[in-house]
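Notes to accompany the following structure.
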Amino acid sequence: VEPRKGFFGDDTGLNGVRLLCGRTGTVTVTSSEGPRGAWSPPVSCDLGHHLVAFRLRVEPPRGLWDDTAANNMDVTCSDGRALEGLGGLAGTWGNWSVPCPPGPGGVCGLRTRLEPPQRGGDDTGLNDVRLVCCA
């Protein structure tokens, strides 16, 4: 996540998503990453539970003003617990995704849409996320 730069900066918001997998979180799956910001501390489901759904906080296009697109991501665990992302506050929350089917699978992959740097234009970073469910 890139923190807000203020009135004269070009903000991007969310720049990447990383899934920590396995009991110890040592296996990682990472989306495409924008060049800005820093990784937030990880949040995780309780032992024995896994990620099953998500929602994004997205700022719509603002015309001549600075656009950020995706700013934050919340997730839901298989025990029903929601984990709050540590991203920005701009935009509004979208609907929760359709949860993965019940069972041992849960989310096992992701796909993201990332805007490349605009070289002097208005950068947005991450624009969309899709999570993949596995059986």
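Index from 1, following the sequence. Scope of the values below: all heavy atoms of this structure, side chains included, with no hydrogens, waters or symmetry mates.
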If you count the non-hydrogen atoms of other residues, nucleotides and ligands that lie under 6.0 Å from CZ in R130, is the total more than 12?
no
Testing the basics here: between W96 and V75, what is the closest heavy-atom pair and its distance to 0.1 Å?
CZ3-C, 3.7 Å
Are any side-chain N or O atoms of S97 and backbone N or O atoms of F54, one a donor and one an acceptor, separated by less than 3.5 Å?
yes
Would a hydrophobic clustering, with Ile, Leu, Val, Met, Phe, Trp and Tyr connected at side-chain separations under 4.5 Å, put L14 with V29?
yes
If Ile, Leu, Val, Met, Phe, Trp and Tyr residues are connected whenever their side-chain heavy atoms lie under 4.5 Å apart, and connections chain through other members, are W39 and L110 in the same group?
no
Between the main-chain N or O of G85 and the side-chain N or O of D74, is there a donor-acceptor pair closer than 3.5 Å?
yes
So, the side chain of N15 versus the backbone of G13: is there a donor-acceptor pair under 3.5 Å, distance only?
yes
At what distance, to the nearest 0.5 angstrom, does CG of N127 lie from CD of E115?
6.0 Å
Using every non-hydrogen atom in the two residues, find where R81 and D79 come nearest and quote the distance to one decimal.
N-OD1, 3.1 Å
Do other residues, nucleotides or ligands put more than 12 heavy atoms under 6.0 Å from R113 CZ?
no
Would a distance-only check, ignoring hydrogens and angles, find a side-chain to backbone donor-acceptor pair under 3.5 Å from H49 to G80?
no
Stepwise, does the side-chain contact (heavy atoms from CB on, under 4.5 Å) test hold for D128 with L56?
CA-CA 8 Å; D128 199 7; L56 284 178; 4.2 Å; yes
Are the side chains of C45 and H50 in touch, meaning some heavy atoms are under 4.5 Å apart?
no
For residues A90 and N71, report the shortest heavy-atom separation together with the two atoms involved.
O-ND2, 3.4 Å
So C77 and D46, do their side chains get closer than 4.5 Å, heavy atoms only?
no
Kindly give the heavy-atom pair with the smallest separation between T30 and R18, and that separation in Å.
OG1-NE, 3.2 Å
Taking E33 for its side chain and G16 for its backbone only, find out whether a donor-acceptor pair lies under 3.5 Å.
no
For a quick test of reading the model, state the closest non-hydrogen atom pair linking C100 to G106 and the distance between them.
SG-C, 3.7 Å
Does S31 use its side chain to pair, donor to acceptor, with the backbone of V17 at less than 3.5 Å?
yes
Starting from L20, can I reach L126 by hopping between I/L/V/M/F/W/Y residues whose side chains sit under 4.5 Å apart?
no
Which pair of non-hydrogen atoms, one from T112 and one from S32, has the smallest distance, and what is that distance?
OG1-N, 3.5 Å
Is there a side-chain contact between V52 and L131 (heavy atoms, below 4.5 Å)?
no
Are L86 and M73 in one and the same hydrophobic cluster, where Ile, Leu, Val, Met, Phe, Trp and Tyr link if side-chain heavy atoms are under 4.5 Å apart?
no
